[in-house]
Number of protein chains: 2
Amino acid sequence: MGKNLVGNHIRKLRFNHDEMTQQQLADKVGVTRQTIVALEKGKYSPSLELAFRIARAFHLPLEEVFFYQDNTKP
Amino acid sequence: MGKNLVGNHIRKLRFNHDEMTQQQLADKVGVTRQTIVALEKGKYSPSLELAFRIARAFHLPLEEVFFYQDNTKP
DNA sequence: ACTAAATGTAAACTTTTTTTTACATGATGC
DNA sequence: GCATCATGTAAAAAAAAGTTTACATTTAGT
């Protein structure tokens, strides 16, 4: 879709919560490290399924990890 | 990712909540009707961004429209 | 019966997400 | 100094998501 209106707290959560490395998170959610890098860097936003998996990895509801920045209809 | 572990209540919500047609919902969230059809039929799960938009269209948090069916780690 | 609106199906196509591979950098420990 | 670990970058390729077009079916209204 548009230009990445979805942000996330993955990096913070890795450190603050669980002190997880990119590789550990990647393994936990079943993707490659490059995917985690891309998400942290905001290159694109994940599939809904991956978003759920990541949220679960942090034991958080999805919307506490990913957030939508509203543009349309101000 | 895997084989569609994500379900949704789009169809119910269209009827029960807002009595919206597929076309109206499609317009509201900025995709084609075919995308809505595919999602309702469970052909695939949407991008995270689209999921946010759809949830917003129903004035609901994302996890009340989409849900993750756990498989791994029983 | 005819029409229009809502839905279903499908195939070819484009765009976005994810993988794979490979190399570079900074920090840490020994 | 060397090895290791965590991270960054990048590019080609595969896989999944989303578009477009077109036609079929069902349902409701007149």
Side-chain angles (χ1 to χ4, degrees), chain A residues 1-58 60 62-63 65-73, chain B residues 1-58 60 62-63 65-73:
Chain A
M1 300 223 46
K3 31 182 73 163
N4 233 9
L5 300 167
V6 179
N8 68 75
H9 301 302
I10 294 177
R11 195 171 189 100
K12 267 177 231 164
L13 287 167
R14 271 202 304 119
F15 290 110
N16 299 353
H17 269 241
D18 298 88
E19 294 194 359
M20 226 179 283
T21 68
Q22 292 176 334
Q23 187 63 64
Q24 286 171 325
L25 177 56
D27 291 346
K28 206 162 188 178
V29 303
V31 297
T32 64
R33 186 174 66 86
Q34 296 322 309
T35 300
I36 304 298
V37 172
L39 296 178
E40 288 191 357
K41 289 280 157 188
K43 293 229 172 188
Y44 49 76
S45 60
S47 68
L48 180 54
E49 185 166 339
L50 179 52
F52 269 116
R53 284 187 184 228
I54 292 172
R56 193 182 61 159
F58 291 123
L60 287 174
L62 192 149
E63 301 197 44
V65 181
F66 300 92
F67 48 91
Y68 188 60
Q69 290 146 8
D70 222 334
N71 261 349
T72 49
K73 290 195 185 169
Chain B
M1 301 225 45
K3 29 182 73 162
N4 233 9
L5 300 168
V6 179
N8 69 74
H9 301 303
I10 294 177
R11 194 170 189 101
K12 268 177 229 163
L13 287 167
R14 273 201 305 118
F15 290 110
N16 300 353
H17 268 241
D18 297 87
E19 294 195 359
M20 227 179 282
T21 69
Q22 292 175 334
Q23 188 62 65
Q24 287 173 324
L25 177 57
D27 291 347
K28 206 163 188 177
V29 303
V31 298
T32 63
R33 186 174 67 84
Q34 296 321 310
T35 298
I36 303 298
V37 172
L39 296 179
E40 289 191 358
K41 289 280 157 186
K43 292 229 174 189
Y44 48 76
S45 59
S47 68
L48 181 55
E49 184 166 339
L50 179 53
F52 269 117
R53 285 187 183 227
I54 292 173
R56 193 182 62 159
F58 291 122
L60 287 174
L62 192 149
E63 302 198 44
V65 181
F66 299 93
F67 49 90
Y68 187 60
Q69 290 146 8
D70 221 333
N71 262 348
T72 49
K73 290 193 185 169

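Throughout, a chain's letter reflects where its sequence line sits, starting with A, and its residues are numbered from 1. These figures come from a predicted structure and were not determined experimentally.
Going from atom CG of B:Leu25 over to atom C1' of C:dT7 covers 14 Å, rounded to whole Å. Across the protein-nucleic acid pair, B:Lys43 atom NZ and D:dG18 atom C1' stand 13 Å apart, rounded to whole Å. Distance A:Gln23 CD to D:dT4 P: 17 Å, rounded to the nearest Å. As rounded to whole Å, 13 Å separates atom C1' of C:dA5 from atom CZ of B:Phe15. With rounding to whole Å, A:Leu48 atom CG is found 12 Å from D:dA17 atom C1'. Atom-to-atom, CZ of B:Phe66 to C1' of D:dA17 comes out at 13 Å; the value is rounded to the nearest Å. Between A:Tyr44 atom OH and D:dA15 atom C1' the separation is 12 Å, expressed in whole Å. One can place CD1 of A:Ile10 at 13 Å from P of D:dT7, the figure rounded to the nearest angstrom.
Panel note: side chain A:Glu63, backbone B:Leu62; a donor-acceptor pair is recorded below 3.5 Å.
Side-chain N/O atoms of B:Arg14 include one lying less than 4.0 angstrom from OP1 or OP2 on C:dT7. Phosphate contact (OP1/OP2 of D:dT19, side-chain N/O of B:Thr32, threshold under 4.0 Å): present. Contact annotation: B:Thr35 reaches the phosphate of D:dT19 (side-chain N/O to OP1 or OP2, under 4.0 Å). At the phosphate of D:dA17, neither OP1 nor OP2 sits under 4.0 Å from any side-chain N or O atom of A:Ser47.
At least one side-chain heavy atom of B:Thr35 sits less than 4.5 Å from a side-chain heavy atom of B:Leu50. Using a 4.5 Å cut-off on side-chain heavy atoms (C-beta onward), B:Arg33 and B:Thr21 make no contact.
The side chain of B:Gln34 approaches D:dA22 more closely than any other nucleotide in the set C:dA22, D:dA22, C:dT18. For B:Pro46, the side-chain atoms get nearest to D:dG18 when compared with the rest of D:dG18, D:dG8, D:dT7.
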Applying side-chain contact (heavy atoms from CB on, under 4.5 Å), run through A:Lys12 and A:Glu40 and close with a yes or a no. CA-CA 9 Å; A:Lys12 267 177 231 164; A:Glu40 288 191 357; over 6 Å; no

The test is side-chain contact (heavy atoms from CB on, under 4.5 Å); show your working for A:Tyr68 and B:Leu48 and say whether it passes. CA-CA 9 Å; A:Tyr68 188 60; B:Leu48 181 55; over 6 Å; no

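Residue A:Arg33 places a side-chain atom within donor-acceptor reach of the base of D:dG8, judged by atom type and a 3.5 Å distance cut-off alone.
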